[in-house]
Chemist: 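Structure provided below as structure tokens; questions to follow.
Since the model is a prediction, treat every value here as computed from it, not as a measurement.
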Amino acid sequence: PIGFHFDGADIGGDIQAASYETIWWLPSDTATDYLIISNAADKALDASLVMSDASGRQAASSLALPAKQTVRLDVRALAGSSGLTGAQGGISVQMKHDAGSIEAAEVVYDVTIGFSAMMKTFFRDSNQEVANRTMHAPMVALTSPDPALKLPPGTELVPKVFLRNAETAPLSLTGKLLWYGGGASGSVALAPKTLPAGTTQTIDLAKWAGDRIPAKANWGTILLSYGGRSGDLVPISFTQGRAGRYSMQTPFTEGGAPLWKGSMWQVDAMHDTLLVAGNAGDKPTTTALTLVYNGGKGSYTMERFLQPGEQIWADVGSIIGNQTPDKDGHMISQAVTAGSYEVRDVDNPIHGKVYEGKLILDKTYGHAAYGCGVCCGYRWVAFDPASYSGAVGNSTADFLLAGNSCTGLSDDVTYSGYSWNSSNTAVATVQAGVFTTLVGAGTASGSAYATVPGTNIRQGCPDTAFLAMPQSITAY
């Protein structure tokens with residue numbers, strides 16, 4: 001069936017100059033490719049639309065984005081008018097200001113064969129620091145279909161990876177495939193690649209792995225590592241039946257977060273759900289995958305100590321059907337058919353780097369629809385106590401609390417604090433030892449910073465420096 005999954009995102013009005021990068025694809029003469037751009041601002045905005053072919057040859061045009069409106073662009077027509085040939089290439093929507101006010105998406109479909117694909121857009125800030133980055137695409141359908149999909153006997157799938165280098169210099173990357181199937185799991189290294197500047201490639205995943213993916217492997221997580229900025233590498237995974245009849249996708253995302261809240265899982269006679277939780281950090285950590293059901297009254301937790309790159313696979317239908325106990329001996333009643341989930345870094349609850357993935361299998365059509373969780377960052381940081389008064393010579397221990405965007409709770413992030421200071425050191429000192437000491441009569445305010453995950457879900461809740469809400473101090 002033809003279907004599309006759109007992720008929601010907060011409007012980031014503070015984001016100014018940046019671009020949105022993706023890949024256009026016209027796999028057949030009957031395929032349609034639409035680029036959809038929404039402007040949430042109260043004013044009209046101007047953008048530059050830069051398209052390129054697979055070799056990197058570019059064609060640029062200006063684009064007007066009316067206030068509070070959405071525009072839909074026919075990519076086939078744009079490519080033709082730009083003189084670009086071939087079946088694929090790059091798209092860059094470039095903003096000189098107010099980049100956080102727009103959202104871009106791209107869809108490809110062919111009604112003649114019932115085919116559809118999402119071509120994910122990636123946010124790119126050319127002023128971001130260059131760093132080592134890892135992107136992961138969990139739950140990629142491999143050559144051998146999972147029997148749970150109920151595809152016709154003999155169906156063979158072809159997993160592909162689109163790779164585009166949005167940089168003006170060659171980009172080198174390394175990769176690994178973590179596979180799962182038949183109750184077993186393992187990993188296969190992918191051959192290192194260097195992508196010429198501006199180019200786009202389509203790669204057969206099985207060949208990239210040197211034909212070393214076991215026949216019993218049904219699903220995989222692709223890990224791609226490179227040095228550069230977010231959005232320099234534009235990767236899109238896509239699995240399709242060799243005859244073009246079936247298609248499945250899961251998106252690439254960068255990095256990880258300490259906590260993810262996931263959407264609905266479903267298990268019944270015609271549906272199953274597969275979940276994955278992985279360690280995206282560079283140190284081992286304990287990772288918990290929790291299924292929540294019965295309106296939040298019931299929970300089922302799988303917990304495992306994971307090395308960097310390792311992951312937990314969970315077949316929710318098998319867990320319920322086989323009455324498999326969780327870490328505390330709990331089992332989910334076979335009457336339960338739906339719930340939500342969360343993934344948590346147990347050892348590093350503030351700065352952890354775990355990731356998640358979800359696929360709901362529809363046995364009616366042999367279709368797998370991905371769904372995503374939301375990373376849980378922090379909206380504010382504040383002193384505890386927020387105010388302190390007392391006689392000269394007294395002191396109090398200070399803490400920094402941060403408001404979690406998902407749980408609504410205040411978490412202790414004191415150990416992430418720095419630049420502790422007092423506005424009037426003749427009245428009070430606020431020291432890195434997290435004590436406010438009253439030294440003279442008068443008033444002052446205490447200040448500090450803390451770097452904790454923020455709430456920019458477009459970029460996976462990256463670490464953000466917060467100035468804490470000040471502490472009010474009175475000494476007498």
Side-chain angles (χ1 to χ4, degrees), residues 10-18 41-42 97-101 125 127-129 131 255 257-259 261 281 344-353 374-476:
D10 291 339
I11 299 301
D14 57 331
I15 303 173
Q16 295 301 314
D42 294 324
H97 55 81
D98 294 292
S101 296
D125 180 357
N127 295 317
Q128 186 184 38
E129 292 185 6
L259 175 64
K261 294 287 187 176
R344 183 185 300 271
D345 190 321
V346 178
D347 297 338
N348 303 284
I350 305 300
H351 292 284
K353 298 292 182 183
V374 175
C375 56
C376 300
Y378 294 94
R379 297 190 181 279
W380 51 262
V381 173
F383 269 84
D384 181 24
S387 62
Y388 176 58
S389 62
V392 172
N394 289 337
S395 63
T396 184
D398 289 328
F399 300 91
L400 291 180
L401 302 180
N404 191 287
S405 61
C406 292
T407 65
L409 301 177
S410 299
D411 296 333
D412 186 349
V413 298
T414 307
Y415 74 93
S416 297
Y418 59 95
S419 295
W420 302 81
N421 199 11
S422 168
S423 64
N424 188 346
T425 55
V427 173
T429 59
V430 179
Q431 299 175 322
V434 292
F435 278 95
T436 294
T437 302
L438 306 179
V439 296
T443 60
S445 60
S447 62
Y449 288 83
T451 297
V452 294
T455 57
N456 186 343
I457 63 175
R458 301 184 192 203
Q459 296 179 287
C461 298
D463 282 349
T464 304
F466 286 85
L467 173 61
M469 289 182 268
Q471 181 185 56
S472 174
I473 303 170
T474 301
Y476 50 83

Chemist: Show your working on side-chain contact (heavy atoms from CB on, under 4.5 Å) between Phe466 and Arg379 and close with a plain yes or no.
Modeler: CA-CA 9 Å; Phe466 286 85; Arg379 297 190 181 279; 5.8 Å; no

Chemist: Is Cys376 close enough to Cys461 that their SG atoms are under 2.5 Å apart?
Modeler: no

Chemist: Check Ala475 against Val392 and note the closest heavy-atom contact, atom names and distance.
Modeler: CB-CG2, 4.3 Å

Chemist: I'd like to know if the side chain of Tyr378 pairs up with that of Thr464 as donor and acceptor (distance under 3.5 Å, no hydrogens or angles considered).
Modeler: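 Short answer, no.
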
Chemist: Rounded at 0.5 Å granularity, tell me how far OG in Ser389 sits from CD1 in Ile473.
Modeler: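 Separation between the atoms: 10.5 Å.
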
Chemist: Kindly determine whether Tyr449 and Ser416 satisfy side chain to side chain donor-acceptor pair (under 3.5 Å), including the steps that lead there.
Modeler: CA-CA 8 Å; Tyr449 288 83; Ser416 297; over 6 Å; no

Chemist: Heavy-atom distance under 4.5 Å between the side chains of Thr429 and Phe435, does that happen here?
Modeler: no

Chemist: Write down the atom of Val374, the atom of Cys406, and the distance for their closest heavy-atom approach.
Modeler: O-SG, 4.4 Å

Chemist: CG of Asn348 to CG of Leu259: how many Å apart, nearest 0.5 Å?
Modeler: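 One finds 13.0 Å between CG of Asn348 and CG of Leu259.
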
Chemist: For the residue pair Asn424 and Thr443, what are the closest heavy atoms and their distance?
Modeler: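 It is ND2-O, 3.8 Å.
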
Chemist: If every non-hydrogen atom of Ala17 is compared with every non-hydrogen atom of Asp125, which pair is closest and at what distance?
Modeler: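 Shortest heavy-atom contact: O-OD1, 3.9 Å.
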
Chemist: Would you say Lys353 and Asp345 make side-chain contact, with heavy atoms under 4.5 Å?
Modeler: no

Chemist: Hey, are the side chains of Leu400 and Asp412 touching, using non-hydrogen atoms and a 4.5 Å cut-off?
Modeler: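 With C-beta onward as the side chain, the pair stays apart.
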
Chemist: Is it true that a side-chain atom of Ser405 and a backbone atom of Gly377 form a donor plus acceptor pair closer than 3.5 Å?
Modeler: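 It does hold such a pair.
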
Chemist: Of the non-hydrogen atoms in Ala441 and Val427, which two are nearest, and what is the gap between them?
Modeler: O-CG2, 3.8 Å

Chemist: Distance-only, no hydrogens or angles: does the Asp398 side chain make a donor-acceptor pair with backbone N or O of Thr436 under 3.5 Å?
Modeler: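 It does hold such a pair.
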
Chemist: Do Gln471 and Ser387 get their side chains close enough for a donor-acceptor pair, meaning under 3.5 Å?
Modeler: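 Looking only at side-chain atoms, Ser387 and Gln471 do not form any donor-acceptor pair under 3.5 Å.
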
Chemist: Work out which heavy atom in Gly390 is nearest to a heavy atom in Leu438; give both atom names and the distance.
Modeler: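 Heavy-atom minimum between the residues: O-CD1, 3.2 Å.
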
Chemist: Can you confirm whether Met469 sits close enough to Trp380 that some side-chain heavy atom of one is under 4.5 Å from a side-chain heavy atom of the other?
Modeler: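 When only atoms from C-beta onward are counted, Trp380 and Met469 do touch, with a gap below 4.5 Å.
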
Chemist: Check the pair Leu401 / Phe383 against side-chain contact (heavy atoms from CB on, under 4.5 Å), numbers first and verdict last.
Modeler: CA-CA 6 Å; Leu401 302 180; Phe383 269 84; over 6 Å; no

Chemist: Please lay out, stage by stage, how Asn421 and Ser447 fare under the test side-chain contact (heavy atoms from CB on, under 4.5 Å).
Modeler: CA-CA 5 Å; Asn421 199 11; Ser447 62; 3.5 Å; yes

Chemist: Could you go step by step and tell me if Tyr388 and Asn394 meet the side-chain contact (heavy atoms from CB on, under 4.5 Å) rule?
Modeler: CA-CA 10 Å; Tyr388 176 58; Asn394 289 337; 3.3 Å; yes

Chemist: Keeping the roles fixed (side chain from Ser422, backbone from Val430), state whether a donor-acceptor pair exists under 3.5 Å.
Modeler: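 Side chain of Ser422 to backbone of Val430, a donor-acceptor pair under 3.5 Å: no, none is there.
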
Chemist: Does Pro462 reach the side chain of Pro453, with side-chain heavy atoms less than 4.5 Å apart?
Modeler: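 In short, these two side chains do not touch, never coming nearer than 4.5 Å.
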
Chemist: Can you check whether Thr407's main-chain N or O pairs, donor with acceptor, with Asn404's side chain at less than 3.5 Å?
Modeler: yes

Chemist: Are the side chain of Asp98 and the backbone of Ser101 linked by a donor-acceptor contact shorter than 3.5 Å?
Modeler: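 Not a single qualifying donor-acceptor pair exists.
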
